[in-house]
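Just follow the structure's listing: the first ligand is 1, and inside any ligand the first atom is 1. All values below were derived from every heavy atom in this structure, side-chain atoms included, with hydrogens, water molecules and symmetry-related copies excluded.
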Amino acid sequence: MDKMAEEIKEIFISKYGNDPGLYFSPGRINLIGEHIDYNDGFVMPCAIDKGIFFAIAENGSDRIRFFSKDYNEEYETQLTDIHAAGSWKNYVLGVVDEFQKAGEEIKGFDCAFSGNLPVGAGLSSSAALEGGLAFGLNEIFDLGLSRKELAFLCQKAEHGFPGVKCGIMDQYANMLGQENKAILLDCRDIDHTYIPLETEGYSLVLINSCVHHSLASSAYNTRRNESEGGLKVLQRSGRYNSYRDVKDPADLREFEKEMGKVVFKRATFIVGEIQRTIKAASYLKERRLEAFGKLMFGSHDGLSSLYEVSCEELDFLVNLARINPDIAGSRMMGGGFGGCTINLVKSSALDDFVEASIDAYKKKFDIEAKAYRVSTGNGTSRIG
Ligand code: GLA
């Protein structure tokens with residue numbers, strides 16, 4: 001068993017005395033299709049082998065107790081008194097709250113957890129936190145929810161106490177990820193197919209800018225409102241029901257005035273990113289990695305100049321990759337305003353690229369960036 005899993009089991013037993021069930025809940029990467037899960041688009045995430053380990057057991061009382069090893073913090077409350085309590089607690093309490101709202105019977109339990117997923121890096125530690133607890137409770141209390149239902153429940157949990165109106169991508173990848181596969185998730189029909197992740201000669205590497213600008217969650221909700229505003233204009237025309245129905249960003253031009261400058265930019269990005277992701281899926285299936293990589297750069301450019309969710313640090317890292325002939329593609333990943341870039345790099349040039357990026361970034365921002373080689377993994381599961 002993983003060392004971290006053993007450790008959390010021991011901590012659990014010494015704190016709460018019971019023998020717990022053990023679970024692993026992964027983070028995710030996203031190859032392409034950013035900020036379009038809440039815009040009827042397609043996205044292409046994979047679960048990864050980094051995540052959060054949970055120990056969970058029923059405790060025979062009407063209270064729930066949590067221990068976060070990484071924050072060294074405990075929290076305890078009555079099942080009849082679930083309310084927002086700040087930071088990590090909002091994610092786990094949000095899950096309990098959603099089970100209760102759905103009429104599921106949750107009894108008293110204890111939970112300890114610890115992870116190896118960097119927080120604020122755009123690898124979705126929040127979905128990992130929600131998913132691990134939801135999966136464990138579903139099993140322990142024999143609730144019978146499917147993985148897909150659990151993903152929806154976790155998404156609602158994030159809308160609740162944390163107040164981030166996220167799409168479904170992260171929770172879906174957390175529940176339905178498969179090793180060595182990318183999930184091509186259709187976010188309108190909420191259905192998926194798997195694409196083998198075969199990157200012979202190339203490797204995926206993340207460079208963590210190690211910045212996390214505080215705007216992130218408020219700007220996320222603003223982008224959502226702006227996107228909805230743009231969609232209403234399209235729907236009023238009677239010709240489009242969804243961003244997906246617009247096949248070319250140029251077709252939006254006639255709506256520019258009605259949308260206004262900012263919303264028009266957002267809509268232009270959304271339509272472009274949906275089309276890019278559709279193309280990227282066929283390139284990945286055909287293993288045309290260089291063509292795939294070009295779309296990654298295109299995605300970044302749209303996120304930076306039209307959707308405006310990048311930042312100076314991420315743009316700098318992507319621009320370093322752009323001038324390097326060994327890099328097929330690079331882009332910011334996740335919600336934005338910091339976190340990681342994802343890079344598709346010739347395997348033979350991987351070490352040099354990582355070193356050069358970290359050096360140049362340090363010179364420019366005086367910040368030590370970190371690199372993670374990506375290994376994919378399976379969705380949340382019981383491990384002991
Ligand atoms: C966050 C959200 C996701 C998705 C991404 C951007 O990770 O949780 O739903 O919108 O941002 O693609």
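Between Tyr38 and Tyr307, the ring-plane angle classifies as tilted under the 30° and 60° cut-offs. Phe316 and Phe365 have perpendicular rings, their planes meeting at more than 60° on a 0 to 90° scale where under 30° would count as parallel.
By the 4.5 Å heavy-atom criterion applied to side chains, Glu226 and Met259 are not counted as neighbours.
Proximity of the aromatic rings of Trp88 and Tyr75 is defined here by a centroid distance below 6.0 angstrom, and this criterion is not met. For an aromatic pair to be called close, the ring centres must be under 6.0 Å apart, and Phe337 with His212 fails this. Two rings, from Phe54 and Tyr23, have their centers 6.0 Å or more apart. Ring centers of Phe161 and His83: at least 6.0 Å apart, outside the cut-off.
Numbered from 1 in the order shown, with element, the atoms of ligand 1 that lie under 4.0 Å from a heavy atom of Asp37 read 3 (C), 4 (C), 9 (O), 10 (O). Of all the atoms in ligand 1, the ones that sit under 4.0 Å from a non-hydrogen atom of Cys166 are 2 (C), 8 (O), 9 (O). Atom numbering of ligand 1 starts at 1 in the shown order; those under 4.0 Å from a heavy atom of Gly167 are 9 (O). Listed by number with element, the atoms of ligand 1 under 4.0 Å from a non-hydrogen atom of Gly334 are 6 (C), 11 (O). Of all the atoms in ligand 1, the ones that sit under 4.0 Å from a non-hydrogen atom of Asp170 are 1 (C), 2 (C), 3 (C), 7 (O), 8 (O). When each atom of ligand 1 is checked for a heavy atom of Gly335 under 4.0 Å away, the hits are 11 (O).
The closest approach between a heavy atom of Ser124 and any atom of ligand 1 is not below 4.0 Å.
Residue Tyr38 places no N or O, backbone or side chain, under 3.5 Å from any N or O of ligand 1. For ligand 1, the polar-atom distance check against Gly33 finds no nitrogen or oxygen pair separated by under 3.5 Å. Considering both main-chain and side-chain atoms, Asn30 never comes within under 3.5 Å of ligand 1 through any nitrogen or oxygen pair.
Cation-pi geometry between Arg244 and Phe42 is met: under 6.0 angstrom from the ring centre, within 45 degrees of the axis.
Ranking the protein heavy atoms by distance from atom 10 (O) of ligand 1 puts Tyr220 OH, 2.5 Å first. What sits closest to atom 5 (C) of ligand 1 on the protein, heavy atoms only, is Met169 CE, 3.8 Å.
Salt bridge Lys101/Asp97: present, at least one basic N to carboxylate O contact under 4.0 Å.
One option in Glu34, Arg28, Glu158 has a heavy atom closer to atom 12 (O) of ligand 1 than any other, and that option is Glu34.
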